[in-house]
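First the structure, in the form of structure tokens, and then the observations on it.
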Amino acid sequence: MFGKKEGSSTSNAKLDPNRIPDHIAIIMDGNGRWAQERHLPRVAGHKQGMQTVKNVTIAASELGVKVLSLYAFSTENWKRPSSEVSYLMQLPIKFFSTFVPDLVKHNVRVMVMGDITKLPQGTQKAVNDAIADTADCNEMILNFALNYGSRDEIIRATQQIAKKVAAKEISVDQIDEQLLSQNMMTADLDKLADPDLLIRTSGEERISNFMLWQIAYSELEFTDVYWPDFDRHSLEDAIVKFQGRHRRYGGLKNN
Ligand code: FPP
């Protein structure tokens with residue numbers, strides 16, 4: 001599983017194909033502004049953003065990324081106008097109805113973090129079907145955050161652990177980093193749960209409740225590019241910047 005691609009296709013001479021980050025997480029931002037600048041309705045930006053998700057997924061898989069986590073809908077996004085929420089809820093249906101064969105072709109497995117039971121039935125079905133249809137794929141995981149919020153995730157993990165303590169299944173002393181990680185929504189990603197690189201598009205420089213536990217040691221990259229304009233080259237540029245960083249994890253030497 002997860003073999004590095006031989007001769008990954010890249011046009012970026014600065015990119016080292018042997019040091020591709022295993023896990024890239026992206027806060028996809030700027031769809032609305034992209035649309036507004038073109039005098040289009042906001043949802044046109046989301047539609048174009050969905051196309052970007054396809055392109056970036058293929059690019060990441062061809063570069064040898066092992067996990068691509070995408071913030072598609074947050075626990076706070078319900079506050080948007082209901083017409084926009086409805087549109088966003090249709091996107092996974094549109095996306096998977098056309099894209100699952102490409103995902104299978106590129107050996108990409110779909111996973112989800114977030115409480116999808118609160119999504120409309122049709123959206124849940126599209127997501128669950130895509131998870132099932134790609135269950136045997138093993139080159140890259142496309143990890144969608146849907147109705148996901150990091151504080152919600154941490155609360156749920158805490159509740160799960162507290163229940164185990166109350167039931168005397170574990171003692172308080174057994175609560176450690178590993179146990180917390182095992183109770184996060186990324187538990188199935190195991191050693192790949194923590195992003196090496198977190199990218200946020202559109203010039204905003206904040207985390208917005210995304211993977212707070214998992215990004216403790218991630219490299220952060222903020223780009224002014226709006227998500228609908230983000231492409232393979234933008235991804236490669238971000239990876240080149242990542243490759244120029246020295247990750248020390250609190251220590252003194254490169255790891
Ligand atoms: C943020 O831009 C974007 C979102 C809240 C939605 C992201 C969704 C997609 C990119 C499509 C997802 C595709 C699938 C398959 C689920 P914004 O609307 O906040 O932009 P703004 O800050 O310019 O208003």
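Remember, it's 1-based here, ligands and their atoms both numbered in the order they're listed.
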G32: numbered ligand 1 atoms lying under 4.0 Å from its heavy atoms: 17 (P), 18 (O), 20 (O), 21 (P), 23 (O), 24 (O)

N77 neighbourhood, listing ligand 1 atoms whose heavy-atom distance to it stays under 4.0 Å: 5 (C)

Contact atoms of ligand 1, heavy-atom distance to R33 under 4.0 Å: 21 (P), 22 (O), 23 (O)

Validation row: F230, L235 side chains within 4.5 angstrom (heavy atoms): yes

Ligand-residue contact atoms, ligand 1 with F95, heavy atoms, under 4.0 Å: 15 (C)

Which residue and heavy atom of the protein sit nearest atom 3 (C) of ligand 1, plus the separation: M28 O, 3.2 Å

Donor-acceptor side-chain pairing of S171 and D173 below 3.5 angstrom: no

Side chain, backbone, both or neither: the part of T52 lying under 4.0 Å from ligand 1 by heavy atom: neither

Residue and atom name of the nearest protein heavy atom (relative to atom 14 (C) of ligand 1), distance in Å to one decimal: F144 CE2, 4.1 Å

Heavy-atom side-chain proximity of Q121 to K125 below 4.5 angstrom: no

Ligand 1 contact on K94 by region, counting heavy-atom pairs under 4.0 Å: neither

Nitrogen or oxygen atoms of W227 and ligand 1 under 3.5 Å apart: no

Min heavy-atom dist S202 to ligand 1 below 4.0 Å: no

Electrostatic pair E76-R151, nearest N-O below 4.0 angstrom: no

Residues forming a side-chain hydrogen bond (donor to acceptor under 3.5 Å, both in side chains) with D133, sequence neighbours excluded: none

Under 3.5 Å side-chain donor-acceptor pair for Q214 and E153: yes

Interfacing atoms of ligand 1 (cut-off 4.0 Å, heavy-atom, R42): 17 (P), 18 (O), 24 (O)

Cluster overlap I93 with V53, hydrophobic side-chain contacts below 4.5 Å: no

Atoms in ligand 1 flagged as close to L91, the criterion being non-hydrogen separation under 4.0 Å: 11 (C)

Per-residue contact class, Q48 against ligand 1 - non-hydrogen pairs under 4.0 Å: neither

Atom 4 (C) of ligand 1 [closest protein heavy-atom partner, distance rounded to 0.1 Å]: H46 CE1, 4.0 Å

From A130, A72, S208 - option closest to atom 8 (C) of ligand 1 by heavy atom: A72

Cation-pi geometry met for R80 and W78 (6.0 Å, 45°): no

Aromatic ring pairing Y249/Y217, orientation class (parallel under 30°, perpendicular over 60°, tilted between): tilted

Heavy atom of the protein closest to atom 9 (C) of ligand 1 (residue, atom name, distance): N31 ND2, 3.7 Å

Closest to atom 13 (C) of ligand 1 (judged by heavy-atom distance), picking from L88, V53, T123: V53

Quiz item: cation-pi between K94 and Y87, 6.0 Å / 45°: yes

Donor-acceptor side-chain pairing of D231 and S234 below 3.5 angstrom: yes

D29 N/O under 3.5 Å from ligand 1 N/O: yes

Salt-bridge present (K54, D102; N to O < 4.0 Å): no

Within-cut-off N or O pair, R80 and ligand 1, under 3.5 Å: yes

Close N or O approach (G49, ligand 1; < 3.5 Å): no

